[in-house]
Number of protein chains: 2
Amino acid sequence: MTTGEPERIELPEEPTQARRFGKTRTAQSTALLEDYAELIADLLATGGEARPTDIARRLGVSHATAIKAISRLKREGLATARPYRGVFLTEAGEHLAARVRLRHRLVVDLLLAVGVPREAAEQDAEGLEHHVSDATLAAFSRFLAGR
Amino acid sequence: MTTGEPERIELPEEPTQARRFGKTRTAQSTALLEDYAELIADLLATGGEARPTDIARRLGVSHATAIKAISRLKREGLATARPYRGVFLTEAGEHLAARVRLRHRLVVDLLLAVGVPREAAEQDAEGLEHHVSDATLAAFSRFLAGR
DNA sequence: CCAAAGATGTAGCCTCAGCTACACTTGTCA
DNA sequence: TGACAAGTGTAGCTGAGGCTACATCTTTGG
């Protein structure tokens, strides 16, 4: 901080900046769904079952919160669940989960590739992944391939 | 998706995973403050004035929303503002803004360095920057230096 | 076979970050 | 100098995503 540099500040055009912030806000709202979808897919793939309480514990929230989120997943056509019978993903949900998992792995791999320690990479990826665009993802992929 | 790979899925330990998600949630709540602080600092540095309406237009929100956020900044001791007289940063606010700006630049530079196109880098950095830990930032810095 | 434990679901509350609508200041210029 | 436009502030709404408390269902072991 406070280097000798004069700190040239270049403000983006107003509409450009507004658009960027807007997109970021949108991304935020889908982040939660993505996390749930990915986690449900993982639980189904490993344990064979995705129960609200398990999901809640994994995410570190109360089971009531998890159930509300699951309702939202259902509303958005990403999951199905019958009372007391666990949660499953629809085709759309599976697709989302697969995409998210791939992206997550790519982000972690890139972080490791540029020298980020494993635990920090895993931690940060959890937040970062939701804000990585396709263009950036493609660039990560190329970068990782070309080494 | 659906590659030939068997997709080995390795679930992290439950408490580890819960902690990661928790940290990500916390980061979310500070993200907004960081954006406002950085923008206010930029406006003060370039135009000399940071008015609620300007801030709102730059962020793409209504002026009422901006004013509410500014109240929160004041509540957190990051900004000062007298009615009808513009917004200023406290010492703490300045510090935050400086840290955020440095981090932002580092994130953009790293994205560019791994081949992300400029516009995507600028866009994605807006969302990514809030989730980059100090450890990761340090790694970025080293990576950029060592080229 | 049924009682208790644990899982699930519901209700109601909170805060945050959006919004619109309306009221009030400020500053400018005819 | 005073009317009006632009900026500022306030009130009250929404939805999301947290929570606790309570009610209900399932499962399991004695």
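Reckoned from all heavy atoms, side chains included, excluding hydrogens, waters and symmetry mates. So that the names make sense, note that chain A is the first sequence line, chain B the second, and so on, each numbered from 1. The shown structure was predicted, so the numbers you read here are calculated from the model rather than taken from an experiment.
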Checking B:Glu129 now: which residues fulfil side-chain hydrogen bond (donor to acceptor under 3.5 Å, both in side chains) with it, not counting sequence neighbours? B:His104
Check B:Glu34 with B:Arg103, please: is the shortest side-chain N to carboxylate O separation under 4.0 Å? yes
Quick check on C:dT8: is either OP1 or OP2 less than 4.0 Å from any side-chain nitrogen or oxygen of A:Thr53? yes
Rounding to an integer number of Å, can you tell me how far A:Lys74 NZ sits from C:dT10 C1'? 13 Å
If I take atom CD in residue B:Glu49 and atom C1' in nucleotide D:dT8, what distance separates them, rounded to the nearest angstrom? 13 Å
Regarding the side chain of B:Arg75, the nearest nucleotide among D:dG18, C:dT10, C:dC16 is C:dC16
Of all the nucleotides listed (C:dC16, C:dT26, C:dT8), which has the minimum atom distance to the side chain of B:Arg72? C:dC16
In whole Å, I'd like the distance from the CZ atom of A:Arg82 to the P atom of C:dT8. 14 Å
Check DNA chain D against residues 54-65 of chain B and give the residues with a non-hydrogen atom under 4.0 Å, in numerical order. B:His63, B:Ala64
Would you say B:Arg25 reaches D:dG17's phosphate, i.e. side-chain N/O to OP1/OP2 under 4.0 Å? no
What integer distance in Å separates A:Lys68:NZ from C:dG9:C1'? 12 Å
Report the distance from atom CD of B:Glu76 to atom C1' of C:dT15, rounded to the nearest whole Å. 12 Å
Whole angstrom is fine here: how far is it from CG in A:Leu73 over to P in D:dG17? 10 Å
Please list residues of residues 37-45 of chain B whose heavy atoms come under 4.0 Å from any atom in DNA chain D, ordered by number; otherwise none. none
Between A:His130 and A:Gln28, does any side-chain donor sit less than 3.5 Å from a side-chain acceptor? no
Among side-chain atoms of A:Thr26 and A:Ser29, is any donor-acceptor pair under 3.5 angstrom? no
Output the rounded distance in Å from CD1 (B:Ile67) to P (C:dC19). 12 Å
Step by step, work out the side-chain hydrogen bond (donor to acceptor under 3.5 Å, both in side chains) result for A:Thr136 and A:Ser133. CA-CA 5 Å; A:Thr136 296; A:Ser133 65; 3.2 Å; yes
Between A:Arg20 and B:Gln123, does a side-chain hydrogen bond (donor to acceptor under 3.5 Å, both in side chains) hold up when you go through it step by step? CA-CA 6 Å; A:Arg20 283 182 192 159; B:Gln123 166 68 65; 5.1 Å; no
Salt-bridge present (A:Lys23, B:Glu126; N to O < 4.0 Å): no
Against the side chain of A:Tyr84, the closest entry in C:dG9, D:dG7, D:dC13 is C:dG9
Report the distance from atom CD1 of A:Ile70 to atom C1' of C:dT10, rounded to the nearest whole Å. 14 Å
Taking 4.0 angstrom as the limit, do B:Glu38 and B:Arg101 come out as a salt bridge? no
Between D:dC19, D:dG9, C:dA7, spot the one nearest the side chain of A:Arg51, thanks. C:dA7
I'd like to know if the side chain of A:Thr46 reaches the main chain of A:Asp42, judged simply by a donor and an acceptor atom lying under 3.5 Å from each other, with no hydrogens or angles considered. yes
